[in-house]
Amino acid sequence: MESIYWSTFQNCVHYSLHFIVPIFVARHFFKAQWLKVTLVLWATMLVDLDHLWATPLFDPNRCSIDFHPLHSYFAILAYAIGLITLKNFWIKLICGGLLFHMFTDALDCWMNWL
């Protein structure tokens, strides 16, 4: 049986990585535009709209990596290629944000497995 403490810790880690870490990244690396960068990184969470196609809509034990279309290995590869090859700063930032989102979700999957 899952401990309520572990579940709470896991949720804190997951949502901190989604909401708090982008602020620190933006403030540290993009001082002049930190607010705009933070908002763009938060906007990459719209990738979770693909969860709306899942049945059931929410399953706390489901790993989203390679389950939802925008969390597939193909999509992750596309985000990585975009980050490496594209020239536009904002598009690269979106790709980086999407990759960080996938990392966060993969960490959540790993924590579910423990």
Side-chain angles (χ1 to χ4, degrees):
M1 176 177 233
E2 182 178 307
S3 162
I4 187 69
Y5 300 110
W6 179 254
S7 177
T8 302
F9 172 73
Q10 184 177 355
N11 284 328
C12 287
V13 169
H14 184 83
Y15 290 107
S16 294
L17 288 173
H18 276 322
F19 290 102
I20 297 172
V21 169
I23 297 169
F24 287 111
V25 169
R27 297 277 301 188
H28 183 73
F29 293 107
F30 308 101
K31 289 181 172 101
Q33 297 182 312
W34 76 269
L35 182 58
K36 192 172 183 180
V37 168
T38 298
L39 294 173
V40 169
L41 291 174
W42 283 346
T44 62
M45 284 187 282
L46 290 172
V47 73
D48 279 340
L49 288 173
D50 66 353
H51 292 228
L52 295 174
W53 291 298
T55 303
L57 187 62
F58 177 73
D59 179 355
N61 297 315
R62 178 173 52 221
C63 180
S64 61
I65 300 298
D66 209 35
F67 183 85
H68 304 292
L70 298 175
H71 291 67
S72 68
Y73 294 127
F74 179 76
I76 294 169
L77 178 63
Y79 306 148
I81 290 171
L83 179 65
I84 294 167
T85 63
L86 297 175
K87 304 287 186 227
N88 182 284
F89 169 77
W90 297 105
I91 302 298
K92 288 176 78 85
L93 182 67
I94 290 168
C95 291
L98 289 168
L99 285 172
F100 187 72
H101 183 101
M102 297 305 134
F103 165 78
T104 300
D105 286 0
L107 181 63
D108 202 45
C109 294
W110 178 74
M111 291 175 84
N112 273 340
W113 179 76
L114 289 178

Problem - Hphob cluster co-occupancy, F103 + L99, side-chain heavy atoms under 4.5 angstrom - result: yes

Completion exercise
side-chain hydrogen bond (donor to acceptor under 3.5 Å, both in side chains) with S64: of D59, T104, D105, only one passes, and it is D105

Fill in the blank from the handout: Between Q10 and D108, the two heavy atoms sitting closest are NE2-OD1, 2.8 Å

Handout entry: Set of residues satisfying side chain to side chain contact (heavy atoms under 4.5 Å, CB included) with respect to V13, sequence neighbours excluded
Key = F9, L17, L107, M111

Practice task
Scan residues 74-94 for pairs that pass ring pair (Phe, Tyr, Trp, His ring centres under 6.0 Å), counting only residues two or more places apart or in two chains.
Solution key: F30-F89

Handout entry: Beyond-backbone contact of F100 with V25, side-chain heavy atoms, under 4.5 angstrom
Key = no

Handout entry: Residue pairs fulfilling side chain to side chain donor-acceptor pair (under 3.5 Å) with at least one residue in residues 21-49, sequence neighbours excluded
Key = D48-H51, D48-H71, D48-H101

Handout entry: Co-membership, hydrophobic cluster, residues L39 and I91, 4.5 Å side-chain
Key = no

Practice task
Check side chain to side chain contact (heavy atoms under 4.5 Å, CB included) between L57 and all other residues, then give those that pass, not counting sequence neighbours.
Solution key: L52

Problem - Cluster link M45 to I20, ILVMFWY, side chain under 4.5 Å - result: no

Handout entry: Distance (rounded to the nearest 0.5 Å) between L93 CG and L83 CG
Key = 9.5 Å

Handout entry: Nearest non-hydrogen partners of V37 and A26, listed with the distance
Key = CG1-CB, 3.7 Å

Problem - Single-linkage hydrophobic cluster I76~I84, side-chain heavy atoms < 4.5 angstrom - result: no

Problem - Minimum heavy-atom distance between A54 and H68, given as atom pair plus value - result: CB-CE1, 3.6 Å

Completion exercise
The side chain to side chain contact (heavy atoms under 4.5 Å, CB included) partners of A43 (sequence neighbours excluded) come to none

Problem - C109: partners by side chain to side chain contact (heavy atoms under 4.5 Å, CB included), with sequence neighbours left out - result: C63, I65

Practice task
Check whether Y73 and L70 end up in the same hydrophobic cluster, where Ile, Leu, Val, Met, Phe, Trp and Tyr are linked by side-chain heavy atoms less than 4.5 Å apart.
Solution key: yes

Handout entry: Heavy-atom closest contact (S16 atom, P22 atom, distance)
Key = O-CD, 4.4 Å

